[in-house]
Amino acid sequence: LIKTAKYIATPGKGILAADESTGTIGKRLSSINVENVESNRQALRELLFTAPGAFDYLSGVILFEETLYQKSSDGKPFVDLLTAGGVVPGIKVDKGTVDIAGTNGETTTQGLDSLGARCAKYYEAGARFAKWRAVLKIGAAGEPSELAVKQNAEGLARYALLCQENGLVPIVEPEILTDGGHDIKTCAAVTERVLAAVYKSLNDHKVLLEGTLLKPNMVTPGSDSPKVGAEVIAEYTVAALRRTVPPAVPGVVFLSGGQSEEAATQNLNAMNKLEVLKPWTLSFSFGRALQQSTLKKWLGKKENVAAAQATFLVRCKANSEATLGKYAGSGDGDAAASESLYVKGYKY
Amino acid sequence: MRSQYLWTASRKEENVSFASFTWYTEKRERKYVPESGQKRGWQEDCSNQSSAIHIQKASFHLTTHIPCVPPEPEAMASATLLKSSFLPKKAEWGATRQAAAPKPVTVSMVVRASAYADELVKTACQDSYKVTTHIDPWMNNHLKVLLIIINYCKVEDSLEKKTVASPGRGILAMDESNATCGKRLASIGLENTEANRQAYRTLLVSAPGLGNYISGAILFEETLYQSTVDGKKIVDILVEQGIVPGIKVDKGLVPLTGSNNESWCQGLDGLASREAAYYQAGARFAKWRTVVSIPNGPSELAVKEAAWGLARYAAISQDNGLVPIVEPEILLDGEHGIERTFEVAQKVWAETFYYMAENNVMFEGILLKPSMVTPGAECKDKATPEQVAEYTLKLLHRRIPPAVPGIMFLSGGQSEVEATQNLNAMNQSPNPWHVSFSYARALQNTCLKTWGGRPENLKAAQDALLLRAKANSLAQLGKYTSDGEAAEAKEGMFVKNYSY
């Protein structure tokens with residue numbers, strides 16, 4: 001577990017989150033007018049996994065269950081393709097969110113039932129890490145409430161322990177949505193509160209921190225608030241992590257959560273340039289922020305695959321440089337890369 | 001949801017008055033009475049709404065749960081709120097649940113950012129570049145916010161030695177209470193008078209060049225206000241030496257009711273005003289020592305109490321300009337092995353940090369004083385310095401956020417040489433926090449014996465102190481070797497059931 005976690009957290013590499021559920025991937029495909037059928041889903045994933053050179057910049061890929069058992073068009077299982085390329089396959093194991101009764105629209109994540117058995121099965125299929133997404137929101141009435149925080153933290157801890165018992169490195173993902181008009185300081189305070197609760201739960205459940213990874217949100221102003229520069233986001237984010245994440249955790253792989261591809265990369269870069277002691281590597285686990293412009297280039301057409309893969313490579317490389325603090329910005333001003341991917345009230 | 005609670009929690013028999021909450025249905029008013037002297041507090045105006053306060057007594061944890069629905073007239077119980085009449089009848093249950101859709105209410109809670117934030121960080125650690133703090137979202141807009149970022153950089157020799165967590169330096173703990181100091185003096189045949197205590201402390205603080213190895217000195221209250229026989233304030237001597245004065249602020253251990261013969265640490269009453277006074281007298285950091293005993297469990301209660309007390313103390317200290325040294329000592333007493341110590345230590349530190357986070361303690365402005373992870377004193381299997389270092393560092397890596405600038409270990413009854421060797425082993429590779437020492441007996445033992453109360457031995461005693469201070473300074477830099485250590489220094493100082 002420790003070895004896998006450390007490998008995933010290799011500086012210069014990051015994670016591609018390609019674990020969109022069938023419903024969610026349907027939205028992506030429909031945005032480029034492609035039908036949501038298995039062959040198209042397989043085609044998209046194959047495009048990503050066979051992009052030449054991309055594996056240099058990726059240490060892991062999170063898959064959806066369907067994809068874990070899928071093969072490429074020449075019959076090679078995706079899992080084998082990835083593993084051969086030095087990329088660790090991972091698996092989304094949660095079963096989505098449900099509302100917590102009595103709260104103002106706050107949610108908890110389902111999926112603990114038979115999780116141990118499912119993890120064992122996924123391990124056999126070749127997965128070596130798992131992901132579970134807990135969702136919290138900042139609201140005017142002081143959300144996230146104590147109840148929501150505790151619930152989600154406990155859920156994450158139970159999930160993490162079950163994964164470790166079955167050989168999977170758990171990625172702990174407490175996402176705090178950007179929806180809202182709050183400022184960055186509020187986000188920072190909430191992030192710290194949530195991360196403190198998460199680590200308390202992990203510790204109480206005796207999760208082996210050296211065999212976990214954290215997938216937090218970056219600390220940013222709310223979606224309805226004025227934007228701030230990458231350096232500011234970097235400062236607040238790193239400060240929040242320094243206050244809550246013990247050095248035993250090998251890596252922090254950020255989620256992009258609706259930021260544009262370019263913004264996500266810039267923010268990550270700024271964080272790695274910060275001259276402050278960070279005992280964990282700061283890397284990426286991006287979904288939309290790696291795939292968006294690639295999707296737009298592909299449009300579902302075979303003839304666009306090469307171009308789409310080239311675009312994908314550009315983003316992978318950019319983020320890899322960002323993890324080393326060496327990203328110089330995309331000089332070409334690619335419009336798609338700068339397009340915000342934020343959707344209000346986004347449901348995965 | 002209608003919630004009408006009458007709750008008074010006071011532990012007067014233990015000389016602590018906890019919070020007292022009173023909820024009057026007629027007036028619909030709720031008051032939170034903060035501890036005296038404390039500047040924090042919150043009020044809620046809930047004039048047409050009801051709300052519930054939940055207090056989990058076991059963890060002394062306060063939450064405000066805010067679903068607010070105007071109570072229906074027939075549901076209002078009488079003033080003796082413990083009658084069951086406020087519970088909805090079974091038939092109504094479904095209906096009332098539907099009706100109790102929570103309406104969000106904004107509660108304005110004023111959590112004041114410490115006015116001393118900058119200074120706390122500077123005292124704790126070296127150069128802070130930018131200063132910004134934030135406050136919990138329960139705040140008013142007009143409050144000032146700052147977030148602190150610490151940059152670690154090499155300390156040049158010429159840099160003013162203002163900070164406690166500086167390389168090659170540690171803390172001299174000389175805060176023995178009068179009773180404890182009496183034991184020390186008695187061991188060299190001296191009477192426990194103020195003059196003798198004054199003479200001894202003067203000896204310690206005026207050792208020439210002590211400031212090269214010592215960055216802070218923890219004093220007892222008497223010493224903070226004491227002067228030497230020449231009329232110079234001890235605090236001033238320390239400052240001249242480049243040593244930051246600190247003050248012990250707890251009021252000692254007392255039996256913890258409901259536990260397995262364990263203790264808890266007193267001292268929260270009036271802590272704020274006492275610390276404000278100590279700040280005026282020149283203190284810049286504080287110390288609070290609570291204990292956890294492995295042979296007695298430790299019970300869940302004892303661990304929670306220790307952690308919560310430390311968290312409260314830390315918050316109050318920061319509010320009054322003192323960097324809190326957080327000391328949950330896991331006593332050496334016992335036959336347990338190193339694995340058990342490790343397990344307990346992980347639990348204690350997880351609790352402590354969580355409660356500190358809940359109390360909005362700023363981690364960049366605290367210091368830790370943990371016990372090293374060692375086997376119990378009566379355990380058959382001894383551990384090498386490398387083993388102690390391995391377990392202790394693992395503990396730190398798993399529980400201590402990197403924002404904490406310094407970790408100053410206590411010696412807790414180890415011999416002078418043992419304590420130094422263990423510290424050295426821990427500093428063989430770089431750590432995310434400054435790993436140093438805060439020793440009392442492990443620095444003073446030989447010095448005290450050498451002095452023997454005789455003025456003619458003054459220089460020799462000071463030399464002995466400097467010798468140990470230098471050894472530990474080297475250990476902090478990972479450069480210590482035990483060649484040339486006297487046999488006496490290797491003598492263990494563990495005393496069974498030692499009470500301070």
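The sequence lines fix the lettering, A, B, ..., with proteins before strands; numbering per chain opens at 1.
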Could you go step by step and tell me if Q346(B) and N203(A) meet the side chain to side chain contact (heavy atoms under 4.5 Å, CB included) rule? CA-CA 8 Å; Q346(B) 287 188 103; N203(A) 290 336; over 6 Å; no
Are the side chains of [X] and [Y] in touch, meaning some heavy atoms are under 4.5 Å apart?
X: L277(A); Y: P432(B); value: yes
X: P246(A); Y: F353(B); value: no
X: P247(A); Y: H397(B); value: yes

Could you tell me which portion of A350(B) (side chain, backbone, both or neither) has an atom closer than 4.5 angstrom to a non-hydrogen atom of chain A?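 Both parts, backbone and side chain.
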Are any of the side-chain nitrogens in E358(B) or R193(A) under 4.0 Å away from the carboxylate oxygens of its partner?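 R193(A) and E358(B): not salt-bridged.
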I'd like to know if K394(B) pairs up with E210(A) as an ion pair, taking the criterion as any Lys NZ or Arg NE/NH1/NH2 lying under 4.0 Å from an Asp or Glu carboxylate oxygen.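 No, this pair does not count.
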Residue pair A197(A) / Y354(B): nearest heavy atoms and the distance that separates them: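 It is CA-CE1, 3.7 Å.
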How long is the gap from CG on L208(A) to CZ on R398(B), to the nearest 0.5 Å?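 Nearest 0.5 Å value for the CG-CZ distance: 5.5 Å.
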Given that the side chain runs from C-beta out, which part of [X] has a heavy atom under 4.5 Å from chain B: side chain, backbone, both or neither?
X: D204(A); value: side chain
X: K206(A); value: side chain
X: S145(A); value: neither

Between K200(A) and E351(B), does a salt bridge (Lys or Arg N to Asp or Glu O under 4.0 Å) hold up when you go through it step by step? CA-CA 7 Å; K200(A) 176 70 162 63; E351(B) 294 277 321; 3.0 Å; yes
